[in-house]
Amino acid sequence: MRSFALYSIKGGVGKTATAVNLAFLSARAGNRTLLWDLDPQGASSFYFRVRPEVAKPKKILRGRRELDRAIKGSDFEGLDLLPADAAYRRMDILLNEAKRPTTRLRRLLEPVAESYDCIILDCAPSLTLVSENVFRAVDALLVPVIPTPLSLRTLTQLVDFVGAIPHAAAPVWPFFALADRRKRLHQEILASTPDPRAPMLDAVVPYHSEVERMGLHRAPVMAYAPGTVAAKAYAALWQEVAGRLGLAH
């Protein structure tokens with residue numbers, strides 16, 4: 001089993017849209033895939049038409065309920081979802097009360113690891129105890145970065161934060177998202193090398209109206225508009241990520 005998290009300190013960078021499309025592409029490639037919606041807003045759950053349920057996060061985090069009992073199927077073969085729960089907004093508190101709080105998520109995933117080839121975490125934007133858990137639970141952090149100075153600054157902050165955590169082995173894999181090549185600033189940043197400690201992936205996800213329309217279709221772009229520029233960009237991103245992780249693509 002291989003795993004990665006869609007993670008960013010900054011919100012509104014296309015994190016959830018990427019998680020949804022990569023999960024779809026992973027399953028379509030034949031990988032048994034689980035997407036865990038860790039964001040209490042539940043956007044991934046909404047896109048996949050899975051109603052957030054009371055998954056009893058407190059019982060799960062304390063080991064009183066198995067994680068797999070909260071997993072739901074999706075409309076796509078080979079793709080399951082662990083829906084969001086509003087109680088995730090208190091996850092920092094719940095983790096702090098648990099034993100070995102910085103590795104709790106990793107230990108929760110261990111029992112379901114044999115059932116999946118690929119596990120993807122869609123994370124809320126933050127720098128918290130949950131973040132430390134995510135960094136220790138996955139094989140890589142996939143970080144969308146808008147080609148703007150503020151977004152680049154958050155990338156630097158994230159690389160600094162991850163580097164300061166003992167035994168946080170997950171590498172940071174940033175990629176440009178919501179890129180608009182009509183803007184000179186975006187063009188200049190796309191041609192730059194933002195942080196040599198975390199080289200950008202080659203794939204660039206453009207700003208595109210079809211990504212915004214995911215909320216209307218409640219489906220991945222690849223499912224309803226596979227020939228669009230956005231869909232092809234997600235496909236290229238998946239090829240790159242899957243190749244690095246050794247997953248079917």
Side-chain angles (χ1 to χ4, degrees), residues 1-7 16 19-20 22-40 42 44-45 47-48 50-124 126 128-142 162 165-171 241-242 244-248:
M1 185 275 294
R2 304 309 301 271
S3 61
F4 61 91
L6 266 296
Y7 185 88
T16 293
V20 167
L22 295 191
F24 172 84
L25 287 164
S26 174
R28 193 179 70 170
N31 301 300
R32 298 168 298 168
T33 303
L34 173 66
L35 175 60
W36 188 354
D37 189 354
L38 278 169
D39 193 331
S44 288
S45 303
Y47 284 143
F48 281 121
V50 176
R51 295 181 61 183
E53 293 199 5
V54 180
K56 306 296 183 187
K58 188 173 183 178
K59 290 185 177 180
I60 290 175
L61 291 174
R62 291 184 174 179
R64 297 174 185 170
R65 183 181 181 185
E66 295 298 324
L67 190 70
D68 58 3
R69 292 175 58 190
I71 293 174
K72 306 295 180 183
S74 74
D75 293 335
F76 304 103
E77 184 177 356
L79 175 55
D80 291 340
L81 183 75
L82 188 54
D85 192 295
Y88 284 171
R89 69 187 187 279
R90 298 181 59 250
M91 187 173 284
D92 268 336
I93 298 173
L94 298 176
L95 285 170
N96 195 49
E97 295 172 348
K99 295 180 179 179
R100 292 183 286 175
T102 60
T103 59
R104 187 61 185 153
L105 288 188
R106 185 180 68 193
R107 286 181 283 124
L108 285 174
L109 287 171
E110 288 173 355
V112 301
E114 292 185 0
S115 300
Y116 296 99
D117 302 304
C118 178
I119 295 179
I120 303 171
L121 308 185
D122 181 19
C123 308
S126 63
T128 63
L129 183 56
V130 176
S131 306
E132 292 190 48
N133 267 265
V134 170
F135 301 159
R136 289 183 167 95
V138 297
D139 296 311
L141 297 174
L142 195 56
V162 173
I165 299 174
H167 312 299
V241 172
R244 288 191 176 199
L245 292 174
L247 290 164

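On a predicted model such as this, the values are computed, not experimentally measured, just so you know.
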(request) Kindly write out the residues that satisfy side-chain hydrogen bond (donor to acceptor under 3.5 Å, both in side chains) with Asp39, not counting sequence neighbours, or none if the list is empty. (result) none
(request) Could you tell me which non-hydrogen atom of Val134 sits nearest to which non-hydrogen atom of Leu141, and how far apart they are? (result) CG1-CD2, 4.0 Å
(request) Supply the atom-to-atom distance Leu82 CG to Leu35 CG, rounded to the nearest 0.5 angstrom. (result) 9.0 Å
(request) Assess whether side chain to side chain contact (heavy atoms under 4.5 Å, CB included) is satisfied between Leu38 and Leu105, documenting all intermediate values. (result) CA-CA 11 Å; Leu38 278 169; Leu105 288 188; 4.3 Å; yes
(request) Give a yes or no on whether the backbone of Asp117 and the side-chain of Asn31 come within a donor-acceptor separation of less than 3.5 Å. (result) no
(message) With rounding to the nearest 0.5 angstrom, report the CH2 to CG distance, Trp36 to Leu109.
(response) 5.5 Å
(request) Return the set of residues passing salt bridge (charged side-chain N to carboxylate O under 4.0 Å, His left out) with Arg28 (not counting sequence neighbours), or none when no residue passes. (result) none
(request) Would you please name every residue forming a salt bridge (charged side-chain N to carboxylate O under 4.0 Å, His left out) with Asp122, sequence neighbours left out? (result) Lys15
(request) Taking all heavy atoms of Ala29 and all of Ala248, pick out the closest pair and write down the distance. (result) CB-O, 3.3 Å
(request) Mind listing the closest non-hydrogen atom pair of Ala27 and Leu79 along with its distance? (result) CB-CB, 3.8 Å
(message) Going by side-chain hydrogen bond (donor to acceptor under 3.5 Å, both in side chains), name the residues that satisfy it together with Arg106, two or more places apart in sequence or in a different chain.
(response) none
(request) Please list, chain by chain and in numerical order, all residues satisfying side-chain hydrogen bond (donor to acceptor under 3.5 Å, both in side chains) with Tyr47, sequence neighbours excluded. (result) none
(message) For a 4.5 angstrom cut-off between non-hydrogen side-chain atoms, does Val50 reach Asp37?
(response) no
(message) Donor-acceptor check, side chain of Asp80 to backbone of Ile71, threshold 3.5 angstrom: yes or no?
(response) no
(message) If the condition is ring pair (Phe, Tyr, Trp, His ring centres under 6.0 Å), which residues does Phe24 pass it with, not counting sequence neighbours?
(response) Phe76
(request) Please name the pair of heavy atoms, one in Ser131 and one in Tyr7, separated by the smallest distance, quoted to 0.1 Å. (result) OG-OH, 2.8 Å
(message) I need the single residue from Val138, Leu6, Leu142 that forms a side chain to side chain contact (heavy atoms under 4.5 Å, CB included) with Ile120. Which is it?
(response) Leu6
(message) Is the shortest side-chain heavy-atom distance between Cys118 and Phe4 below 4.5 Å?
(response) yes
(request) Determine whether Ile165 and Arg136 make a side-chain contact, defined as any pair of heavy atoms from C-beta on separated by less than 4.5 Å. (result) yes
(message) Tell me the closest heavy-atom pair linking Ala84 and Gly42, and the distance in Å.
(response) CB-CA, 3.5 Å
(message) Show the nearest heavy-atom pair for residues Asp139 and Met1, with the distance to one decimal.
(response) OD2-O, 4.2 Å
(message) Just by distance, no angles: are the side chains of Tyr116 and Ser3 close enough, under 3.5 Å, to form a donor-acceptor pair?
(response) no
